[in-house]
Every structure is written in structure tokens, then in C-alpha cells.
Amino acid sequence: MIRFGLCCLFLEQPIKFRTTTAAALKRLSGDEKAAKLSNIIAHNADALMAALQFCHGQNIGSFRINSQILPVKTHPEQGYDINDLPDADRLIRKFRMCGDYARCHGIRTTFHPDQFVVLNSPREDVVESSIRELEYQTEVATWVNADVINVHGGGGYGDKPAALNRLRANIGRLSDEARCRLTFENDDKTYTPADLYPVCKEADVPLVYDVHHHRCHPDDLSIGEATELALATWSREPLFHISSPRDGWNAKQTYKHHDYIDVRDFPEEWSGLDITVEVEAKAKESAVRKLQQDLTTQPHDN
């Protein structure tokens with residue numbers, strides 16, 4: 001059975017996550033900063049519970065959690081330890097309640113760190129900040145029962161074999177808790193499924209197959225072959241991504257996401273699989289609902 005996933009935000013539902021900036025926090029005193037962060041985080045924990053409850057009610061089996069649910073957490077100057085905030089125990093309990101709810105109702109939770117997380121950068125400061133971000137999201141993942149922290153392979157830097165070797169090496173710098181949740185995703189410009197598969201197999205890191213990215217940046221693998229390779233890297237329920245091009249497949253830029261998913265873009269090869277498919281579309285919950293309906297009422301071919 002396919003479990004569909006909603007990514008981070010809502011279009012129609014009044015469920016909003018709050019954030020702030022390092023610049024805004026810098027203008028505050030220490031106590032004011034701590035109080036503001038505590039207030040925002042409490043709100044976000046409540047919003048996450050509302051999101052999970054919505055997903056349960058709408059038969060949406062997975063929810064991707066916004067990377068900034070603890071805003072500015074790893075900033076070099078304005079970052080913080082949640083245990084230093086007012087009511088830290090209460091904040092963590094709120095997130096643990098979300099994890100209990102997700103576990104009880106069979107809702108999968110995942111993370112997809114921002115683009116600045118680049119494990120294979122040749123710059124040590126970038127790698128160190130990336131590791132800090134992955135470890136922060138791991139901490140929240142343990143509270144909310146998330147089993148995936150998904151990143152792209154990173155840059156090619158003019159030497160893809162060397163860049164992939166750095167990626168292999170830096171996996172080992174993660175904690176066991178982060179390492180067991182780490183996944184790699186093929187992207188639309190640099191790394192294809194064929195590029196990442198050997199790293200994934202060698203390092204025992206699952207491959208998140210993004211079929212839209214594969215269509216934008218193909219290799220010698222067919223969709224069916226890439227699907228099979230990705231499936232072979234998972235020891236738990238596989239996670240895939242689906243999206244459609246905003247301006248169609250004949251446009252110059254096919255990587256931009258449409259509001260909805262064209263049902264013809266959904267691979268026939270995925271039918272009947274037991275997988276999670278995160279729907280990356282600008283219409284958010286409306287796009288998930290429409291795809292679910294279209295797959296049950298409209299035949300599609302590729």
C-alpha cells in the first residue's frame with residue numbers, strides 16, 4: 001500500500017509554524033531571546049500536533065517536519081541548547097506527545113534539511129555546520145519518532161569521484177542516532193540514482209528516489225531500474241518523492257514544481273508497492289488529496 005506524505009506546510013488549513021531570524025534575536029537581551037524562542041517552539045510543537053491530527057483525519061500517512069521547527073538552533077552566534085530555555089522540559093514533552101501520537105496512529109515523520117547542509121563540501125567549516133544541523137534534527141527526530149533525515153549528495157566541485165569519497169568519509173562523523181536516520185536523494189543537477197547507489201550500498205544508507213529529479217537529470221537507468229535499486233537499499237519502508245514540472249516537460253526549466261501532480265507523472269512501476277511517497281507540490285494538502293483521488297479514478301500511463 002502507498003502511504004502519501006505531506007511536506008512541511010499547509011495551503012488551506014490554518015496550521016502555521018513560526019520562525020525568527022538571527023538578526024531579530026541579536027537585538028534582544030538574553031532573557032528576552034530565551035522567552036521568545038520558548039514561545040515560538042511551544043507554538044510549533046502545538047502546530048505539529050495539529051498537523052499530525054489533520055493527516056490522520058485525511059488518510060495522509062506521512063508528514064515532513066520543517067527543518068526550522070526549532071528556529072536558528074545551530075546558528076554560530078544565536079544558536080542555543082533547548083535545555084537552557086524557559087520550560088525546556090515542557091517543550092520537550094510537547095514534542096514527545098507528537099511522537100506518541102504519530103506512533104499510535106501510524107503516521108510516519110521525516111526531515112529534509114535545508115540546502116546549506118552539504119556533507120561533501122571541500123570546506124571544513126561547511127561540513128561542521130552541516131553535521132551540527134543533522135545532529136540537531138536528530139535530537140528532535142528522537143522526540144517525534146522520525147525515522148528519516150534526508151539530504152542530497154551535495155556538490156560535484158569539478159571532481160565527482162573525489163566529492164563522493166568525501167561524502168563516504170563524512171558519514172562516519174555522525175552519531176549513531178543520526179547515522180541510522182540518514183538517507184540520500186538524487187537531485188536534478190549533479191547526482192543521479194546511479195551515482196548515489198554505490199555509496200548507499202557501501203555505507204548502508206537508504207536511497208530516496210526522486211523520480212522528478214531523475215527525469216530532469218537522467219542517467220542510463222530506467223524508472224523501473226532506478227526504483228528497484230532504491231528499494232534494495234532499504235531495510236524499512238522505502239521513501240520516494242513525486243512532483244510535476246510547473247510549465248510542463250517541454251519547458252526550458254523543468255525542475256520547478258507545479259501546484260499539483262499530473263497523474264501521468266506517477267510511475268506505473270510504483271503501483272502496488274509498500275512505500276511512502278512524499279508529494280512535493282505547491283498546493284500542499286490539496287495536492288495530496290487530488291493525487292489520491294486521481295490515482296483511484298483515472299488511468300495513467302508513462
Side-chain angles (χ1 to χ4, degrees), residues 7-8 62-76 79-83 92 95-96 99 102 108-157 159-187 190-191 193 195-210 213 229-230 232-241 276 278:
C7 297
C8 301
S62 181
F63 184 72
R64 181 192 296 175
I65 299 172
N66 191 308
S67 295
Q68 290 299 309
I69 197 159
L70 271 58
V72 201
K73 175 69 169 65
T74 61
H75 189 273
Y80 52 92
D81 186 325
I82 193 170
N83 291 299
I92 295 171
F95 283 111
R96 291 194 185 281
R108 190 180 198 178
T109 53
T110 69
F111 284 88
H112 193 357
D114 295 324
Q115 295 294 330
F116 64 80
V117 173
V118 185
L119 275 177
N120 75 340
S121 173
R123 290 176 47 187
E124 178 61 19
D125 61 324
V126 173
V127 175
E128 289 179 355
S129 68
S130 297
I131 291 172
R132 285 197 300 272
E133 186 71 12
L134 290 171
E135 295 294 348
Y136 137 59
Q137 293 187 32
T138 297
E139 181 180 27
V140 183
T142 65
W143 302 336
V144 301
N145 196 41
D147 74 313
V148 168
I149 301 176
N150 180 49
V151 298
H152 292 160
Y157 304 104
D159 187 344
K160 284 171 66 173
L164 287 172
N165 283 336
R166 284 196 300 274
L167 184 63
R168 289 181 174 93
N170 289 332
I171 294 169
R173 298 171 62 177
L174 297 170
S175 68
D176 289 344
E177 291 81 3
R179 176 75 179 69
C180 73
R181 292 174 171 84
L182 182 69
T183 63
F184 291 141
E185 174 193 347
N186 60 296
D187 63 79
T190 306
Y191 292 112
D195 290 327
L196 292 177
Y197 175 75
V199 179
C200 289
K201 286 299 289 182
E202 177 187 323
D204 194 24
V205 174
L207 174 62
V208 172
Y209 178 42
D210 188 311
H213 287 167
L229 283 185
T233 65
W234 287 87
S235 59
R236 57 192 188 277
E237 184 175 305
L239 174 66
F240 290 176
H241 289 175
T276 298
E278 289 186 335

Between [X] (side chain) and [Y] (backbone), is there a donor-acceptor pair under 3.5 Å?
X      : Y      : value
Arg181 : Thr138 : no
Tyr191 : Phe184 : no
Thr74  : Arg132 : no
Tyr136 : Ser67  : yes

His112 vs His241 aromatic rings, parallel, tilted or perpendicular, using cut-offs 30° and 60°?
->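 Rings of His112 and His241: tilted, as their planes differ by 30° to 60°.
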Pairwise side-chain contact, Val205 with Arg179, heavy-atom cut-off 4.5 Å (strictly under) |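 A side-chain contact under 4.5 Å exists here.
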Tyr157 vs Asn120 side-chain heavy atoms within contact, under 4.5 Å =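 They are in side-chain contact.
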For [X], all residues meeting side-chain contact (heavy atoms from CB on, under 4.5 Å), sequence neighbours excluded:
X      : value
Ala102 : Leu52, Ile107, Thr109
Glu139 : Lys73, Ile82, Trp143
Glu237 : Arg3, Arg108, Thr276

Are Glu177 and Thr142 linked by a side-chain donor-acceptor pair shorter than 3.5 Å?
->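 No, because no side-chain N or O of Glu177 sits under 3.5 Å from a partner of the opposite role on Thr142.
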How close do Leu196 and Gly153 get, heavy atom to heavy atom, and via which atoms?
->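 Taking every non-hydrogen atom into account, CD2-CA, 4.2 Å.
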